[in-house]
Amino acid sequence: MASKKKGKESDFYTDVYSVVKLIPRGRVTSYGAIAQYLGSGLSARMVGWAMHGAPTGVPAHRVVNRIGMLTGKIHFSTPTQMQQLLEKEGIEVKNDKVVKFNQHFWDPTQELL
DNA sequence: GGTCTGACTAAAT
DNA sequence: GATTTAGCCAGAC
């Protein structure tokens, strides 16, 4: 039927979480990459907004901005939580930025193609 | 109901 | 080449 919305949030959020959960360990992606993967006229900002309501189990620390900067770390319990988690997964973080970001970059439009 | 801000990105200056 | 402006959509005031 015509009804599209209900108690549950928009599928957009769920979709973002699903993609983030699919990120393999030791990899990172960008908000824009997820936005383009969903490709429904989304904007990178909405992906970040979706993370704002991300439930436990979503490795939001694996999602960084386009230049690999840990912009979202400020929303974690502690601003160092994000960096610690990334380093623990084998990702080098320096000055709040991912080292060799291009090497650790994981693009859903490429891997999930 | 209008305005501002926000976990971004790309183009223009 | 670095800085600024504009575009994106949704939530909070």
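Note that the coordinates shown come from a computational prediction; the quantities given were computed from them, not determined experimentally. Residue numbers begin at 1 in each chain, while the letters A, B, ... track the order of the sequences.
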Engineer: Tell me the closest heavy-atom pair linking Phe105(A) and Arg27(A), and the distance in Å.
Structural biologist: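 Shortest heavy-atom separation between Phe105(A) and Arg27(A) comes out as O-NH1, 4.4 Å.
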Engineer: With respect to the side chain of Tyr13(A), which nucleotide from dT9(B), dG11(C), dC8(C) is positioned closest?
Structural biologist: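 So the side chain of Tyr13(A) is nearest to dG11(C).
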Engineer: What is the minimum heavy-atom distance between Ala60(A) and Val20(A), and which atoms define it?
Structural biologist: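 What the structure gives for the nearest pair is N-CG1, 4.3 Å.
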Engineer: Answer with base, sugar-phosphate or nothing: what part of the nucleic acid does Ala60(A) contact at a heavy-atom distance below 4.0 Å?
Structural biologist: base
Engineer: Using atom CE of Met46(A) as one end and atom C1' of dA7(B) as the other, report the distance to the nearest whole Å.
Structural biologist: 10 Å
Engineer: Determine the minimum heavy-atom distance between Leu22(A) and Trp106(A), stating which atoms define it.
Structural biologist: O-CZ2, 3.8 Å
Engineer: Go through dT9(B), dC9(C), dA7(B) for me and flag the one nearest to the Arg66(A) side chain.
Structural biologist: dT9(B)
Engineer: Mind calculating the distance between CD1 (Ile67(A)) and P (dA10(B)) to the nearest angstrom?
Structural biologist: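 Nearest whole value for this atom pair: 11 Å.
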Engineer: Using the C1' atom in both, what is the distance from dA6(C) to dC4(B), to the nearest Å?
Structural biologist: 16 Å
Engineer: What's the CZ-P distance between Phe12(A) and dC9(C), to the nearest Å?
Structural biologist: 11 Å
Engineer: Quick check: does any side chain N or O of Asn95(A) sit under 3.5 Å from a backbone N or O of Lys97(A), one acting as donor and the other as acceptor?
Structural biologist: no
Engineer: Of the nucleotides dC8(C), dG11(C), dA7(B), which has the atom closest to the Tyr31(A) side chain?
Structural biologist: dA7(B)
Engineer: Looking at the side chain of Asn65(A), which of dA7(B), dT9(B), dC8(C) is the nearest nucleotide?
Structural biologist: dT9(B)
Engineer: Side chain of Trp49(A): nearest nucleotide among dG11(C), dT9(B), dA7(B)?
Structural biologist: dG11(C)
Engineer: Compare the minimum distances between each of dC9(C), dA7(B), dT9(B) and the side chain of Ile74(A), then state the nucleotide with the smallest one.
Structural biologist: dA7(B)
Engineer: In whole angstrom, give the distance that lies between atom NE2 of His75(A) and atom P of dA7(B).
Structural biologist: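 My rounded result for the distance is 4 Å.
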